[in-house]
Structures are given as structure tokens and as C-alpha cells.
*Asks:* 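Got a structure here, written out as C-alpha cells. Questions coming.
Per chain, numbering begins at 1; letters A, B, ... match sequence-line order.
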Amino acid sequence: MPKFQRIKGTHDILPQDARKWRYVEGVVQEVMQRYNFDEIRTPIFEETALFARGIGQLTDIVSKEMYTFLDRGKKSLTLKPEGTAPVIRAFIEHSLGEKKPVHKLYYISPMFRQENPQAGRLRQFHQFGAELVGSAAPEADVETIALAVDIYEQLGLKKYTLKINSVGDATCRAPYKERLKDYLRPRLDKLCRSCQERFDKNPLRILDCKEEGCRAETAEAPLIIDHLCEDCHAHFEAVKSLLSRLGIAFEVDHRLVRGLDYYTRTAFEILSGALGAQNALGGGGRYDLLAEELGGKPTPSVGFAAGIERLLMVLEKENLLSDFDSGPDVFIATLGEEARRWAVQTARQLRQRGLRVDYDFLGRSLKAQMKEANRSGARFALIVGENELQARKVVLRNLSSSEQETVAIDSLVGELEARLGKPG
RNA sequence: GUGGGCGUAGCUCAGUAGGUAGAGCACCAGGUUGUGGCCCUGGUGGUCGCGGGUUCAAGUCCCGUCGCUCACCCCA
């Protein structure tokens, strides 16, 4: 048992996995670029009040999941539990809205939530996300949804479900909430205990409860979709029709509610059956009121966030993550002191030419060095002893074909580059 | 915060009726005086999560504790 171990809910990403992360992050960046989203990087921590204000004091995230601490100046700081509030804070702080009306921003970042870990749920986890800031048009909603979908498509993912809903806005949500509460009030005692708690805090979420009894009780409950104001209704219809035009399959789920308070109108989630209990790959929606809430000018916006760990779990399950092993171009195996010194020098020379080169650091036998070369996945081995040095030649062995030949040291670089297909 | 499962070599695990630990893989060395992948031989490696108790004797029984994991809740 090691003396120190990683703290609960965190993961070390070891080299073999790091390759998979780099691949996924690369695809994310590439698709983001196609949609002309630009990267933004915000700090790992923020003033606590930013999240309390932005996400909502009553949400689970803020009320019980944040990593909050005091700095030496007794200021309350919080490790970011989500990405949208920080991005909007930066947007306001740097007056980006004054420079041009619409900003398309994306991020890839760790997030922190102090929950009990389980499959697909960590305390430090990673999200990529995008925010389209400054447009109220339904095209903007569709832009972010299509972007999310295309990232999954680009990764080869087939089995996922897109669910969408509208949660209304300032004019229609409050009245609907009251109607819903009126409906639920007489049935309150038949609901599960957590739903009874939700009644005051977040009644909309009761519709999303998985309890058999609650589902039955709410089967006939009024749905927000039937109580949207005219503008919200038109917006939702436009979003749906644009999605259809793009051939993006979706399910309307009138019970879909998101856990962060800032959402208005469009809300969506992307689910995967391959995940277990935590089945949301990503989610997002429109948040037209957030910028004002954070002290900025009214700035209608949409965005989404998606979990990288969950995505990797699914890709792994679907067998979409293979062939990431690769070894050096050349492994130098030596015999004798003089040859070892030559290897140090030659390795650097080759590396400066752009080749990936490695050699032995343990002073082992030639046989052990060859074994190491094989294990490393190297394409070529360079075998060098006193004989070769005297003759100014080296043995160049192709490790997959087992063919080898003697090459003059002076023409080594050219010979290697020719065989590796690299530009000389 | 609550509940279930699990904690034996680097990894995956076995361990019978309690008698102070094994396999496969990996690793190292040799079989080839200067050459890998297969094969053969040998070797390194374990306070059996930790603490306490029962017992002549505990990985094996009892209690506690910590950790991991899955689930509830919530969400990525």
C-alpha cells in the first residue's frame, strides 16, 4: 500500500490513456475550428460568488458540491464546477461584447465537484464546451447542438440520443411553475421524499423523477411546452425545424430539465446507453439571462458542455479507440563505452533532424537492449560496437522485417530519413 | 450524506476443514563469443489494506477502521 495515493474521485492519466485523451481533444479542437469557435482559457478557480450567482444558490452544485476555500486574505474562492459562468465573467470583464456582437468560444478544462464518485462521476473531471454569446436566434441554438453532434460523429460514435425541450423564459416560466405546483399540491403526499423537497426548490425537476410512483402521479401534469409564451413557442419550433433540416435526429422530451438555474428556452441533453447510471454525455441550452445576472449587459447566449471521461468510456466500449501505440523511429543499441558515447551524440543529432530516438540508460547487454528496442515499438535499431566505429559504419536493422544492412555513418541521416519517409 | 460488493506479488486472480502463501502475465538473467519478437531454464518480488480480538496457530473466524467500486441523490 503506497504511502500517498490520489485523492478520492481523481484519476492519474497514465501514458497509454493520455494518448487517447490527446486524440479526443484533437478531434474536439478540430471540429470546434470548423465551426469557427475560438478557444478561451479561464482560471481554475474563481470568486465563490460568481458560481452562487450564476448557477443558482439552490442548485445541488452550489449548495453542496463545490470545492470552496478561503485564501490568505480570507477571500472565498471556488474550484470551477462548470465552465459557463467563468466564460461569461471573462466576456463581461474584457468587454468582448463591445468588440463585436457575437462571440463563439470553446474550452477544454478540468472541473471540480465534491460528490461521491461512481461510474462516470469524478470529483475532478474534464469537460469540453462551447458558448455562442450574443445571439438570440434559433440558428445559434442549432449551431451549438450541431457542433456537439458533429464532434461525436467525427469520433465515430453512433449510439447516442439527442433530447431537447424548451423550459420557457422569464415571462412564461413563473406562471407555469405556479400551475404545476397547483397540480402537484394535492398529490404531494404521494410523491417520493426527494420530490417533496423539490416542490419548493425546483418543482420542474419532479417531472424528471425516476420513481415509479412519481411518474404515475405526474403522468397528467401540465407540461411547460403547452404553456410557453408566443415567443418561446416560435423559438422552439424554429429550432426543431432547423434540426430536421440538418438531418439531426432528436427526441422531444417535455420532462427534460437541467440542473443549473440559468437556462432559458432551449435545453438539450445527449445520452448514451453505454454509460450506466450516469448516462449523460453532455448537455446544454440557452441562457439569455446569465450575463445580466453576472452584472453585464443583456446578452442572449447558448452553449453546451460534455464530459470527456464519459466520452472515453463510451468510445472504449464501442471499440473506437485503438491503434494509438507508437514507438520511436530509431533505437540505438551499443556495445562498449566508446559506442555508448557515440549513441548519446548521435541520438541528439537525429533528434535535431526531427526523428524520434531512444537508447539504453542502464548499460545493459546488447541482447537486453534489443529486447528493449522491440518492446518500445521502434521501427529501426541501430547496432553499434567498436568494429563499426572503427569502420565508420553502423548496422541498421529493420525491426519488423528483421532485415539489416551496414550503412556508413556519414550517410546515416539520409539513409534513415529515406527509410522513414521523412523529408530530408 | 446513505446502502451493496470488494480489498492476497507490478497486473489479473487462486488459496481447500484456521497450521506463518501460489498461478498466469509482466520484470530480470541465462540458453546465442555482438542482435529483439517464439520457445526452454532459472530468478527478483508479498507487513495477505490497517488496527485489535479469539486461538497453541488466522489470508482464512469476530469487531473496528481506512480505501476502492457500484448504486441512491445529482449531473458531465
*Asks:* Protein-nucleotides 2-5 of chain B N/O pairs closer than 3.5 Å?
*Replies:*
unit_1	atom_1	unit_2	atom_2	d
U2(B)	O4	N116(A)	ND2	2.8

*Asks:* Under the ring pair (Phe, Tyr, Trp, His ring centres under 6.0 Å) rule, collect the residues that match up with Y23(A), sequence neighbours excluded.
*Replies:* F324(A)
*Asks:* I'd like to know whether Y359(A) forms a ring pair (Phe, Tyr, Trp, His ring centres under 6.0 Å) with F361(A), so could you lay out the CA-CA distance, the side-chain angles of the two residues, the decisive distance to 0.1 Å, and finally the verdict.
*Replies:* CA-CA 7 Å; Y359(A) 57 92; F361(A) 288 94; 4.7 Å; yes
*Asks:* If we take the C1' atom in both C61(B) and C68(B), what is their distance in whole Å?
*Replies:* 24 Å
*Asks:* Measuring from the side chain of L399(A) (C-beta onward, heavy atoms only), which nucleotide among G36(B), C75(B), C70(B) has the closest atom?
*Replies:* G36(B)
*Asks:* Measuring only the P atom in each nucleotide, how far is A9(B) from U47(B)? A whole number of Å is fine.
*Replies:* 9 Å
*Asks:* H227(A): which residues meet the ring pair (Phe, Tyr, Trp, His ring centres under 6.0 Å) condition with it, sequence neighbours left out?
*Replies:* Y176(A)
*Asks:* Polar-atom pairs under 3.5 Å, protein N or O versus N or O of nucleotides 30-33 of chain B: list them with distances, or write none.
*Replies:*
unit_1	atom_1	unit_2	atom_2	d
G31(B)	N7	K367(A)	NZ	3.3

*Asks:* Only counting residues at least two apart or in another chain, list the ones meeting ring pair (Phe, Tyr, Trp, His ring centres under 6.0 Å) with F125(A).
*Replies:* none
*Asks:* Could I get the full list of salt bridge (charged side-chain N to carboxylate O under 4.0 Å, His left out) partners for R265(A), not counting sequence neighbours?
*Replies:* D169(A)
*Asks:* Work out how far the C1' atom of G45(B) is from that of G22(B), and round it to whole angstrom.
*Replies:* 13 Å
*Asks:* Among I248(A), L246(A), V31(A), I145(A), find the one that has a side chain to side chain contact (heavy atoms under 4.5 Å, CB included) with D150(A).
*Replies:* V31(A)
*Asks:* When the C1' atoms of G15(B) and C48(B) are compared, how many Å lie between them, rounded to an integer?
*Replies:* 10 Å
